[in-house]
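Below: one structure, written as structure tokens.
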2 protein chains.
Amino acid sequence: MESQVGNKQAKKCSLDEFALFAELGSKFSDALKSVASEMLEYMAAETIYAAGVSAQHFYILHDGYVKLFKTTSNGKDQIIRIVKAGEIFGFDGFVDIRYNHSAVPLKYATVCRVPVEQLNALGESRAEVERLIMMHCIKELQHADERLLELGAKRSQEKLASFLLAWCNTTPVGEWTPLVLSRLDIAQLLGLTIETVSRLFAQWKREGVVIERHQALQIVDLQKLTLVAHSHE
Amino acid sequence: MESQVGNKQAKKCSLDEFALFAELGSKFSDALKSVASEMLEYMAAETIYAAGVSAQHFYILHDGYVKLFKTTSNGKDQIIRIVKAGEIFGFDGFVDIRYNHSAVPLKYATVCRVPVEQLNALGESRAEVERLIMMHCIKELQHADERLLELGAKRSQEKLASFLLAWCNTTPVGEWTPLVLSRLDIAQLLGLTIETVSRLFAQWKREGVVIERHQALQIVDLQKLTLVAHSHE
DNA sequence: CGGTTGGTTGATGCTGGTCAAGGTTCGTGG
DNA sequence: CCACGAACCTTGACCAGCATCAACCAACCG
């Protein structure tokens, strides 16, 4: 229950390889290289960190997907955010002693784990990196605002439709998007039940709005889906 | 529609008077004083900024309460956050061109408005201030996580109960807490309707869990309310 | 006063949750 | 290679929680 990390290879990882920090420019490359960090791999069953645990690292997702979630006292989970490759997560440690939520990979994840006190190793560059983190944090806040709107002011169809649109938004129409989330994940993300998610999928597949195979999804009728996402019925 | 600000007195306000910045220590006092900013007063009908508008200032709330909210395409509002005196808001401008949500006072508000480019006036102190903002931003994120849990995974009673507990948490039991929110505000905050909020209040007043007068509230049976907040019925 | 705004309460119905039964997929071991 | 079990998904029947609609009330204010 405690040491999921014992068996992992602790290869070092270099921060300057991440696109996140590219905008700082190459002159920070040396400082970034001096940060002690390690690359770790997790499978679906393992937790990266659990809510309430001492928050000593922040993470950058190298590959895979990670879900961040909170659990109510009744044991219901709410997914806060799905982290995608290249994104940063787990910065509670900058402010707080403990993590505020839990982090678990969807299927698998390789992450770069950085001790928060390693920010000191950045020396001159520290301010720049902190500004970067600040900006990403603000973006996260904007994203959270959007999710609050979804959870609080939308009906099931609108929720699922806008989620699918957001999930596939990088993919051109007529192509498959991998859908790594299970029905349960989607339900916990949108504040619904597995059954309603399943029913909506079934309906839209019947109507030819989307098609699904194995773990991939294709939006066929984009217009219809955007209509549903905004139209309250 | 455009210039709610024309008729306001534009008294300067000094950042170093805010408790927010006190933790920086007195040596930053001079730098903070050099920031150009103005004190503005708004009434309930006026908007401080609207979603989509060019984001050129951030704000510190001096007095009153401010609600931040987003509106769906169907015109339903979702309150993101209630800002209390001393807190900072509206930092979209650090990252984005436009505000992501709207800000309106609950009854009235006096705010200190700071142009984002004034961060440059901070000189040496800039990094420290940005770190401070980063930390407050992370706290906001944690707060948003909690709200996501509330909106997505709780039932009406749990929502209202935990909101009331959070709202009154500074007040000792047996004392009145001012409740500046209307039923509509509470409904839009919790993703409910006015009617259900009203009904729950009525029920709890009948049961002697809370008492209410004019614009103030007192939690009588704290234990009962915490039970409701966590117990799923 | 009468109008307006905000709050209460009741009757009714729909959305989505709950419960339950079967189907699919997939991995494991015989 | 097939059989079995576990995890996940689907579908149906039923129900409850909350929204909706509507009428009424209280406070406030010109």
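Order of the sequence lines fixes the chain letters, A, B, ..., with proteins taken first and strands second; residue numbering starts at 1 for each chain. Predicted model, so just to flag it, every value in this text is computed and none were measured.
- Ranking C:dT8, D:dT11, C:dG16 by closeness to the B:S198 side chain, first place goes to C:dT8.
- Residues A:V210 and A:K205 meet the side-chain proximity criterion, which asks for heavy atoms closer than 4.5 Å.
- Each of A:W167, A:Y108, A:Y42, A:F89 was compared with A:Y65 under the ring pair (Phe, Tyr, Trp, His ring centres under 6.0 Å) criterion, and only A:W167 meets it.
- In this structure, B:E195 atom CD and C:dG6 atom P are separated by 14 Å, rounded to whole Å.
- In this structure, A:I194 atom CD1 and C:dG22 atom P are separated by 19 Å, rounded to whole Å.
- An OP1 or OP2 oxygen of D:dA19 is reached within less than 4.0 angstrom by a side-chain nitrogen or oxygen of B:T196.
- We find that B:K139 and B:E87 are not joined by a salt bridge, their nearest charged nitrogen and carboxylate oxygen being 4.0 Å or further apart.
- Ion pairing between B:R113 and B:E38 holds under the 4.0 Å rule for side-chain N and carboxylate O.
- In this structure, A:L179 places its CG atom 14 Å from C1' of D:dC8, rounding to the nearest Å.
- One atom, CD1 of A:I186, and another, P of D:dC8, lie 13 Å apart when rounded to the nearest Å.
- For B:S156 and D:dC18, the shortest distance from a side-chain N or O to OP1 or OP2 is below 4.0 Å.
- The side chain of B:H214 sits closest to D:dC28 out of C:dC19, D:dC18, D:dC28.
- Residue B:K205 is in sugar-phosphate contact alone, with no base atom involved, counting any heavy-atom pair closer than 4.0 Å across all strands shown.
- A side chain to side chain contact (heavy atoms under 4.5 Å, CB included) with B:I219 is found for one member of B:T226, B:L225, B:T177 and no other, namely B:L225.
- Nearest-nucleotide mapping onto DNA chain C: of A:G191 and B:A202, the residue sitting toward the 5' end is B:A202.
- The side chain of B:R183 sits closest to C:dG7 out of C:dG7, D:dA19, C:dC19.
- Of the candidate nucleotides C:dG16, D:dT11, C:dT9, D:dT11 has the atom nearest to the side chain of A:R199.
- As a whole-Å value, the separation of B:R206 CZ from C:dG7 P is 18 Å.
- In this structure, CG of B:L192 is placed 14 Å from C1' of D:dT20, rounded to the nearest angstrom.
- Distance from the side chain of B:E212 is smallest to C:dT8 among C:dT9, C:dT18, C:dT8.
- Here C:dG27 presents its C1' atom at 14 Å from CE of A:M43, a figure rounded to the nearest Å.
- Rounded to an integer number of Å, the gap from B:L200 CG to D:dC18 P is 8 Å.
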